[in-house]
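In the text below, chain A, chain B and the rest are named by the order of the sequence lines, each starting its count at 1. Every heavy atom of this structure was used, including side-chain atoms; hydrogens, water molecules and symmetry mates were not.
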Number of protein chains: 2
Amino acid sequence: MQDDDKKNDPSVDFGVLNEFLGYRLRRAQMNFFTKFNDVCSDLGISPGLFAVLAIVERNPGLTQTAVAQALGNDRSAMVAAVDKLEGKNLLERRPAKNDRRSYALFMTDEGQVFFKTLCDRVTAYENQMAKRLQNEDEKRWLLDILERLAE
Amino acid sequence: MQDDDKKNDPSVDFGVLNEFLGYRLRRAQMNFFTKFNDVCSDLGISPGLFAVLAIVERNPGLTQTAVAQALGNDRSAMVAAVDKLEGKNLLERRPAKNDRRSYALFMTDEGQVFFKTLCDRVTAYENQMAKRLQNEDEKRWLLDILERLAE
DNA sequence: TATTGTTATACTCTATAACTATA
DNA sequence: TATAGTTATAGAGTATAACAATA
C-alpha cells in the first residue's frame, strides 16, 4: 500500500448509504468510539462507564434507575456498570434516605480525581476531532443538530 | 406522567456529556438505529444487513472481504451476514473468476425488488428525520461534516 | 399494585485466532 | 508466504422476564 488507501477506496460506490444520515452517523460514532478506547481503555473505562461517571459526578445521590433513564438504557444494565465502578473505588452505593429499596450513588474522592484525568484525556481527543470543524460556532450548531436528531 | 417527560428531565445535569461530540453522536445514532428497526425489523433486515445489500447492489461482483473493508468491519462477520441474505434469496455467492478462494457477490432479481422496498421505507423515515434540519443545504453540510468525522 | 435492585438469560454485534484451500 | 472464506470462541452491549424487598 504505497500511495493509495483502501479505507477510501474510490472504486467502491456507497450509493444511498452516503445520503443516509443513519449510516453516516454510525460511521462517525464508531470512529469516536474507537478513539475513546484508544485513549481510555488502559484505565478500564468504556464510553458507557464514562457516561455513568459523568452523570453521578454532576448529580450526586441519584438512584441507579434514574441514571439509567437519563442515559436511555435499561436499569438492569446498571448493576454490572455500578459493580465495576464501585470495584474500582470510583463511586459508591449508599442506602437511599426515604426508600429502602434503592441506593443513592455518589463519587468517592478517588473517583473525583480519576474523573478529572478521564475528562482531560477525552477532552483532548474531542478537541483534536473538533479541529475538523470550521470554528466554535460550527461545533455549537452541530451539537444542537445532534440533540434534535436524538429524540 | 401528565405533562412532564422523564426523557427530558431538566433535573438531571449532563455536564460534559452535552459538550462531547462522541456522546451526542451516540445518542443520535441510537435513535436512528431504533427507528430503522421499527421500520424494517418485520423484514428481518438490520442496519448492518442493509449496508451489505446497498454495497452489493451498487458494486456487483465484489468479494466478501472487499465488502467488509468498505463497511469497516472484519471479514469473519460477513459469513453470517451473507448466509442470512443468501438464505432470504436476496443475494448469492458465485465463484470468483480468477481466484478460486473467493466468492463474488451478486443481488438476485428478488433482491433487487426487495431492496427497493427497503429503500423506500428507510428513505421515508430519513426524510421524516431530516425535517428537523432547516433545509437541503443544511443536510448536505451535516453529511459532509459526518464524513469528515468518520476518518 | 407498583417500583427498586437484582439475577438469569438470550440475542446481537464485534473481534481474534486458527484452519483449509488456494494464490 | 500470503490471502479468502470459514469456524469456534469470547467479549461487549443490550433487552426481557421474573423474583424479593419495599413502597
Side-chain angles (χ1 to χ4, degrees), chain A residues 1 6 22-23 26-27 29-34 36-38 40-41 43-52 56 61-87 91-105, chain B residues 1 6 22-23 25-27 29-34 36-38 40-41 44-52 56 61-87 91-105:
Chain A
M1 205 186 295
K6 280 187 180 177
Y23 180 72
R26 176 168 173 266
R27 292 301 293 256
Q29 195 255 315
M30 275 178 53
N31 191 31
F32 272 76
F33 195 95
T34 299
F36 184 102
N37 286 326
D38 288 345
C40 294
S41 64
L43 298 174
I45 298 297
S46 65
L49 292 179
F50 178 83
V52 172
V56 173
L62 277 192
T63 64
Q64 292 185 190
T65 298
V67 174
Q69 283 176 342
L71 294 176
N73 42 28
D74 195 84
R75 70 187 201 275
S76 68
M78 289 296 297
V79 181
V82 176
D83 282 352
K84 279 182 197 165
L85 296 171
E86 206 173 26
L91 53 80
E92 57 176 340
R93 294 172 165 101
R94 295 184 201 162
K97 291 186 177 178
N98 300 319
D99 190 338
R100 282 189 295 173
R101 292 173 303 181
S102 57
Y103 293 117
L105 300 178
Chain B
M1 206 185 297
K6 281 186 180 177
Y23 180 73
L25 282 167
R26 176 168 172 264
R27 292 301 293 255
Q29 195 256 314
M30 277 179 52
N31 191 31
F32 272 76
F33 196 95
T34 300
F36 185 101
N37 286 326
D38 289 346
C40 294
S41 64
I45 298 296
S46 65
L49 292 179
F50 179 83
V52 173
V56 174
L62 277 192
T63 64
Q64 292 184 190
T65 298
V67 175
Q69 282 176 342
L71 294 175
N73 40 30
D74 195 85
R75 69 189 201 276
S76 68
M78 289 296 298
V79 181
V82 176
D83 282 353
K84 279 183 197 165
L85 295 171
E86 206 172 27
L91 54 81
E92 58 176 341
R93 293 171 166 103
R94 296 185 202 161
K97 292 185 176 176
N98 300 320
D99 191 336
R100 284 189 294 172
R101 292 173 302 181
S102 57
Y103 294 118
L105 300 177

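- The residue among A/Arg75 and A/Leu49 whose nearest nucleotide of DNA chain D is located toward the 5' end is A/Leu49.
- The nearest whole Å value for the distance from the CE atom in A/Met78 to the P atom in C/dT3 is 19 Å.
- When rounded to the nearest whole Å, the span between CG of B/Asn98 and C1' of D/dA4 equals 14 Å.
- Rounding to whole angstrom units, CG of residue B/Asp74 and C1' of D/dT9 are separated by 13 Å.
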Query raised in the report: Given B/Met78 and B/Thr65, is the side-chain contact (heavy atoms from CB on, under 4.5 Å) satisfied, shown in steps?
Result: CA-CA 8 Å; B/Met78 289 296 298; B/Thr65 298; over 6 Å; no
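- With contacts defined as side-chain heavy-atom distances shorter than 4.5 Å, the pair B/Leu62/B/Val56 does not qualify.
- Comparing atom distances between the A/Asn73 side chain and each of C/dT7, C/dT16, D/dT14 picks out D/dT14 as nearest.
- Of the two residues contacting DNA chain C, namely A/Thr65 and A/Arg26, the nearest-nucleotide position lying further toward the 5' end is that of A/Thr65.
- Closest approach to the A/Ser102 side chain among D/dA4, C/dT4, C/dT6 is made by C/dT4 (side chain taken as heavy atoms from C-beta onward).
- One distance of note links CZ of A/Arg75 with OG1 of A/Thr63; it measures 10.5 Å at 0.5 Å rounding.
- Minimum atom distance to the side chain of B/Arg101 is reached by D/dA4, of the listed D/dG13, D/dG5, D/dA4.
- Residue contacts shown for A/Ser46 are limited to sugar-phosphate atoms, with no base heavy atom under 4.0 Å away.
- C/dT4 atom C1' lies 19 Å from atom NZ of A/Lys97, rounded to whole Å.
- In this structure, CZ of A/Phe33 is placed 10 Å from C1' of C/dT14, rounded to the nearest angstrom.
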Requested in this report: List the steps and the verdict of side-chain contact (heavy atoms from CB on, under 4.5 Å) for A/Leu105 and A/Arg93.
Outcome: CA-CA 5 Å; A/Leu105 300 178; A/Arg93 294 172 165 101; 3.8 Å; yes
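- In this structure, B/Arg93 reaches the D/dT6 phosphate: one of its side-chain N or O atoms is under 4.0 Å from OP1 or OP2.
- Atom-to-atom, CG of B/Leu62 to C1' of D/dA4 comes out at 14 Å; the value is rounded to the nearest Å.
- Residue contacts shown for B/Asp99 are limited to sugar-phosphate atoms, with no base heavy atom under 4.0 Å away.
- Neither OP1 nor OP2 of D/dT3 sits under 4.0 Å from any side-chain N or O of B/Arg100.
- Side-chain atoms of A/Gln29 and B/Met30, non-hydrogen and from C-beta on, never get closer than 4.5 Å to each other.
- We find that CG of B/Asn37 is positioned 11 Å from P of D/dA15, with the value rounded to whole Å.
- Atom OH of A/Tyr103 is separated from atom C1' of D/dT22 by 12 Å (rounded to the nearest Å).
- Here B/Thr63 lies in heavy-atom contact (under 4.0 Å) with sugar-phosphate atoms only.
- Applying the 4.0 Å criterion to OP1 and OP2 of C/dT14, one finds that B/Ser76 has every side-chain N and O outside that range.
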